[in-house]
Structures are given as structure tokens and as C-alpha cells.
Asks: 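Structure incoming, see below.
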Amino acid sequence: MSIYPHTVTAWIKGTNGRQAVWDGPEILTRVRLDESFGAVPGIQGDTSKRSALLLMPGTSEPLDQGDRVMMGAHTDATPPQESFVVETATPIYIRNHVHHWELTLA
């Protein structure tokens, strides 16, 4: 079994003036997406707290902040509302080489 068993769809964010434009969809294979779901209790009711961690091999080009990701292969020209937004992309080094990328998603 591979450490990167998943396929995800990514939409790359660009801008046209003040409006977001999307390149994609791009199908990324050999990645790992670990989703977590929960809620934070509050006075006005519970607030959804969902996030994910995306692992990509070091040979891959990482996604940037603001790009969108969703599990599975999708053909939509724009990302669905329920897709995750990339918050950070951090390279993880082993012996001076990027072993993999860790991306936090919200």
C-alpha cells in the first residue's frame, strides 16, 4: 500500500482585476488527503470546523495559498463550494532535499 493512495482535483486561483478566475481542474494522483470534521460549540450554536492535511511528494509542484482542492476526480470548471482552500504549503526536508510537501487546508 502506498503512502500516497489518493486522487484529488485542484483548481488554481488567479485574478482578473478583483475577480477570482480558476485554472483547472487539475487531477493530482499519488497524494494523501486526511480530512477532519468537527464542530466548535458557541452561544449562537455550533460552528463547523473542518480541515484537512494534504501530503504531496517532493517531486511535485506544490499548490499555492488560495487554490482549492477536493477529493476525487471532478470536471467542474470552477471549484464547488464544499472544496477545501489551501492555507499553507510547507516543504519537509530530508538530507537537503524536499521529501514531501505538507499543505494545510480549511
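This chain uses plain numbering: 1 for the first residue, then up along the sequence. Computed from a predicted structure; not experimentally measured.
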Asks: Taking the hydrophobic residues Ile, Leu, Val, Met, Phe, Trp and Tyr, and joining any pair whose side-chain heavy atoms are under 4.5 Å apart, which ones share a cluster with W11?
Replies: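 Members alongside W11: W22, M70.
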Asks: Taking T9 for its side chain and G72 for its backbone only, find out whether a donor-acceptor pair lies under 3.5 Å.
Replies: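 Checked: pair present.
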Asks: With rounding to the nearest 0.5 angstrom, report the CG to CE distance, L54 to M71.
Replies: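 Answer rounded to 0.5 Å: 9.0 Å.
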Asks: Assigning hydrophobic clusters by single linkage (Ile, Leu, Val, Met, Phe, Trp, Tyr; side-chain heavy-atom cutoff under 4.5 Å), is V69 placed with Y4?
Replies: no
Asks: Should V98 and L63 be counted in the same cluster of Ile, Leu, Val, Met, Phe, Trp and Tyr side chains packed under 4.5 Å apart?
Replies: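 Yes, same cluster.
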Asks: Give, for atom OG of S36 and atom CZ of R50, the distance between the pair rounded to the nearest 0.5 Å.
Replies: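 Here the interatomic distance stands at 9.5 Å.
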Asks: With sequence neighbours excluded, tell me which residues meet side-chain contact (heavy atoms from CB on, under 4.5 Å) with D46.
Replies: A39, P41
Asks: Going hydrophobic residue to hydrophobic residue with side-chain gaps under 4.5 angstrom, can you get from V31 over to V85?
Replies: no
Asks: Minimum heavy-atom separation for L33 and H6, please, with both atom names.
Replies: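 That would be N-ND1, 3.0 Å.
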Asks: May I ask you to decide if K13's main-chain N or O and D67's side chain share a donor-acceptor pair within less than 3.5 Å?
Replies: yes
Asks: Hey, any chance I12 and F84 share a hydrophobic cluster, counting ILVMFWY side chains that come within less than 4.5 Å of each other, even indirectly?
Replies: yes
Asks: Among residues at least two apart in sequence or on other chains, which ones pass salt bridge (charged side-chain N to carboxylate O under 4.0 Å, His left out) with D34?
Replies: R32
Asks: Residues two or more places apart in sequence or in another chain: which of them pass side-chain contact (heavy atoms from CB on, under 4.5 Å) with T7?
Replies: I27, T29
Asks: To the nearest 0.5 Å, what is the distance between CZ on R30 and CE on M56?
Replies: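 Rounded to the nearest 0.5 Å, the CZ-CE separation comes to 11.0 Å.
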Asks: List for me each residue that meets side-chain hydrogen bond (donor to acceptor under 3.5 Å, both in side chains) alongside Q65, sequence neighbours excluded, and say none if there are none.
Replies: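 None.
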Asks: Could you list all the side-chain hydrogen bond (donor to acceptor under 3.5 Å, both in side chains) pairs where at least one residue sits in residues 74-94, not counting sequence neighbours?
Replies: R68-S83, T88-T104
Asks: Please confirm whether the backbone N or O of P62 pairs with a side-chain atom of S60, one donor and one acceptor, at under 3.5 Å?
Replies: no
Asks: About how many Å separate CD of E35 and CG of L53, when rounded to the nearest 0.5 Å?
Replies: 11.0 Å
